[in-house]
Protein chains: 2
Amino acid sequence: MSLIFSRQCEYALQAVLYMSAQSEKRFTNINEISERLDIPMPFLGKTLQLLVRSKILSSQKGPKGGFKLAKNPSEIALFHIVDAIDGTYFMTSCVLGFPECSSKSPCPVHSEWGVLRDRVHQMLANRTIADISKEITDSKQLRAKLGLL
Amino acid sequence: MSLIFSRQCEYALQAVLYMSAQSEKRFTNINEISERLDIPMPFLGKTLQLLVRSKILSSQKGPKGGFKLAKNPSEIALFHIVDAIDGTYFMTSCVLGFPECSSKSPCPVHSEWGVLRDRVHQMLANRTIADISKEITDSKQLRAKLGLL
DNA sequence: TAAGATTCAGATAGAAATGTCTGATATATG
DNA sequence: CATATATCAGACATTTCTATCTGAATCTTA
């Protein structure tokens, strides 16, 4: 199966989007997130721990504890989350899998793929949690998709 | 780890490219391909069998046997190979992993991602084995990358 | 027609990703 | 301070992907 992001990365993106729609001060616990987004709870826990270590989220134990964004939503791009979970290997690796592929020794689709990959990177780097959060707030459909409403 | 194609799909693409650089009538055996491209031989065998079932390659057993393209190289797009191995799930699935994502109920990056994904599809559908094969013939670097020379 | 070379089919093994479990640690609240 | 609730850490289990093994079927050639 071909894909872009690992399942764990998808979970991370969904969860941060969910949290971004919450009030800023509140901690959201993984039980709530996993129920709303249908993500296995312990695995989600592991996943969000990675985001805490990457300083994207902060956490608190105990009652009223949970996770929340560790910085201003406008400072968190989708790319930061992808990087924290999947890394940036896809930005440099050859799409055909040739181990030694570079601009000096390109594969047959090197330059074309480079353009497309850069566009993907731009999209991920440009779109921040802040602007997506605004979209979610403004759209009933999106709130439904995130298990809100 | 994020990626685009499965490893098996990368192997398939590399192997077909390798064969395309051979004379059309000749059968190329998996031993030769696996050595030149550093692909595990039995796994490559399984992989090429999938391409035979998809009518992209034909095969012959016995001495002088092996695999060769089953049709005109200009009729084989990269996309056909990807489709035969990995399928086209990546063309329709949500990049954020939301199970129900469509134009009627889009995720926050649905339309942007749609544009990028379509460009990837166009590239894979437009580039055929014929034109890549010509590039390989014309480029010493590419021949080296494919273990030729 | 016999021998060797090769793909083919199915079972097995190993590795990586995903998912689960248990107990430890920290925190809010009564 | 005790209790309940939550994250955290590490081990374990399951699933999927990748890789290997064995023998059967088929073809070429001497």
Side-chain angles (χ1 to χ4, degrees), chain A residues 1-15 19 22 25-35 37-70 82 85-87 89-90 97 99, chain B residues 1-15 19 22 25-35 37-70 82 85-87 89-90 97 99:
Chain A
M1 180 191 305
S2 57
L3 42 72
I4 307 293
F5 304 133
S6 68
R7 182 166 302 189
Q8 186 171 36
C9 189
E10 291 176 353
Y11 290 163
L13 290 163
Q14 291 183 19
M19 280 183 278
Q22 309 296 320
K25 294 299 173 196
R26 177 181 168 227
F27 284 99
T28 310
N29 64 51
I30 50 176
N31 182 51
E32 173 183 342
I33 302 174
S34 78
E35 276 186 6
L37 296 175
D38 195 28
I39 299 172
M41 192 166 75
F43 194 56
L44 180 61
K46 297 287 185 201
T47 303
L48 297 190
Q49 282 167 34
L50 293 176
L51 296 183
V52 170
R53 283 180 215 152
S54 303
K55 318 281 191 193
I56 293 168
L57 299 182
S58 62
S59 64
Q60 189 176 53
K61 298 178 181 176
K64 304 281 183 186
F67 299 86
K68 67 176 182 183
L69 304 187
V82 172
I85 303 294
D86 280 348
Y89 181 72
F90 87 100
Chain B
M1 180 194 304
S2 57
L3 43 71
I4 306 295
F5 304 133
S6 68
R7 181 168 301 190
Q8 186 171 36
C9 189
E10 291 177 354
Y11 290 163
L13 290 162
Q14 291 182 18
M19 281 184 278
Q22 309 295 320
K25 293 300 172 195
R26 179 183 166 224
F27 284 98
T28 310
N29 66 49
I30 49 176
N31 181 50
E32 174 184 341
I33 302 174
S34 80
E35 277 186 4
L37 296 176
D38 195 27
I39 298 172
M41 193 165 75
F43 194 55
L44 179 61
K46 297 286 184 202
T47 304
L48 298 191
Q49 282 167 32
L50 293 176
L51 297 183
V52 170
R53 283 180 216 153
S54 303
K55 318 281 190 194
I56 292 168
L57 299 182
S58 62
S59 64
Q60 190 176 52
K61 299 177 181 176
K64 304 282 182 184
F67 298 86
K68 69 176 181 183
L69 304 187
V82 171
I85 304 294
D86 279 348
Y89 181 72
F90 87 100

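Throughout, protein chains are lettered first and strands after them, A, B, ... in sequence-line order, and every chain is numbered starting at 1.
- Atom CZ in B:Arg53 sits roughly 8 Å away from atom C1' in C:dC8 (whole-Å rounding).
- Nearest-nucleotide positions on DNA chain C place A:Pro42 closer to the 5' end than the other of A:Gly62 and A:Pro42.
- A donor-acceptor contact shorter than 3.5 Å links the side chain of A:Asp86 to the backbone of A:Ser6.
- Here the side chain of A:Gln22 pairs no donor or acceptor atom with the backbone of A:Thr28 at under 3.5 angstrom.
- The nearest heavy atom of DNA chain C to A:Gly65 and to A:Phe43 marks one nucleotide each, and the one closer to the 5' end goes with A:Phe43.
- Using a 4.0 Å heavy-atom distance criterion, B:Phe27 is classed as making no nucleic acid contact.
- Side-chain contact between B:Leu48 and B:Ile33 is present, with at least one heavy-atom pair separated by less than 4.5 Å.
- Between A:Tyr11 and A:Phe43, some side-chain heavy-atom pair lies under the 4.5 Å cut-off.
- For A:Asn31 and D:dT7, the CG to P distance is 8 Å, given to the nearest whole Å.
- Taking the side chain of B:Lys64 as heavy atoms from C-beta on, and the options D:dC8, D:dA4, D:dT28, the nearest nucleotide is D:dT28.
- Checked options A:Ile85, A:Leu13, A:Leu44, A:Ile39; the residue passing with A:Gln8 is A:Ile85 (criterion: side chain to side chain contact (heavy atoms under 4.5 Å, CB included)).
- When distances run from any side-chain atom of B:Pro63 to the nucleotides D:dT18, C:dT7, C:dA5, the shortest one goes to C:dA5.
- One atom, CD of B:Gln8, and another, C1' of C:dA16, lie 16 Å apart when rounded to the nearest Å.
- B:Glu32 places its CD atom 16 Å from the P atom of C:dA5, with the value rounded to the nearest Å.
- In summary, of the residues considered (A:Met19, A:Lys68, A:Gln49), a side chain to side chain contact (heavy atoms under 4.5 Å, CB included) with A:Leu57 occurs for A:Met19 alone.
- Distances were taken from every side-chain heavy atom of B:Pro40 (C-beta onward) to each of D:dA19, C:dT6, C:dG19; the shortest belongs to D:dA19.
- Across all strands shown, A:Gly45 has no heavy atoms under 4.0 Å from either base or sugar-phosphate atoms.
- When distances run from any side-chain atom of B:Gln49 to the nucleotides C:dC8, D:dC8, C:dA5, the shortest one goes to C:dC8.
- A straight line from CG of B:Leu51 to C1' of C:dC8 spans 15 Å, rounded to a whole angstrom.
- Across all strands shown, B:Gln60 has heavy atoms under 4.0 Å from sugar-phosphate atoms exclusively, and none from any base.
- Remark: C1' of C:dT6 and CG of B:Leu44 are 13 Å apart, rounded to the nearest angstrom.
- Comparing C:dG19, D:dA9, D:dT20 by their nearest atom to the side chain of A:Lys46 picks out D:dA9.
- Among C:dT18, C:dC8, D:dT18, the nucleotide with an atom closest to any side-chain atom of A:Arg7 is C:dT18.
- Across all strands, B:Ile30 comes closer than 4.0 Å only to sugar-phosphate atoms, never to a base (heavy-atom distances).
- A close approach under 4.0 Å does not occur between any side-chain nitrogen or oxygen of B:Ser59 and OP1 or OP2 of C:dT6.
- Between B:Tyr11 and D:dT18, a side-chain N or O to OP1/OP2 separation shorter than 4.0 Å is absent.
- Note: CD1 (B:Ile85) to P (D:dT18) measures 10 Å, nearest angstrom.
- Between the CD1 atom of A:Ile39 and the C1' atom of C:dT18 there is a distance of 13 Å, given to the nearest Å.
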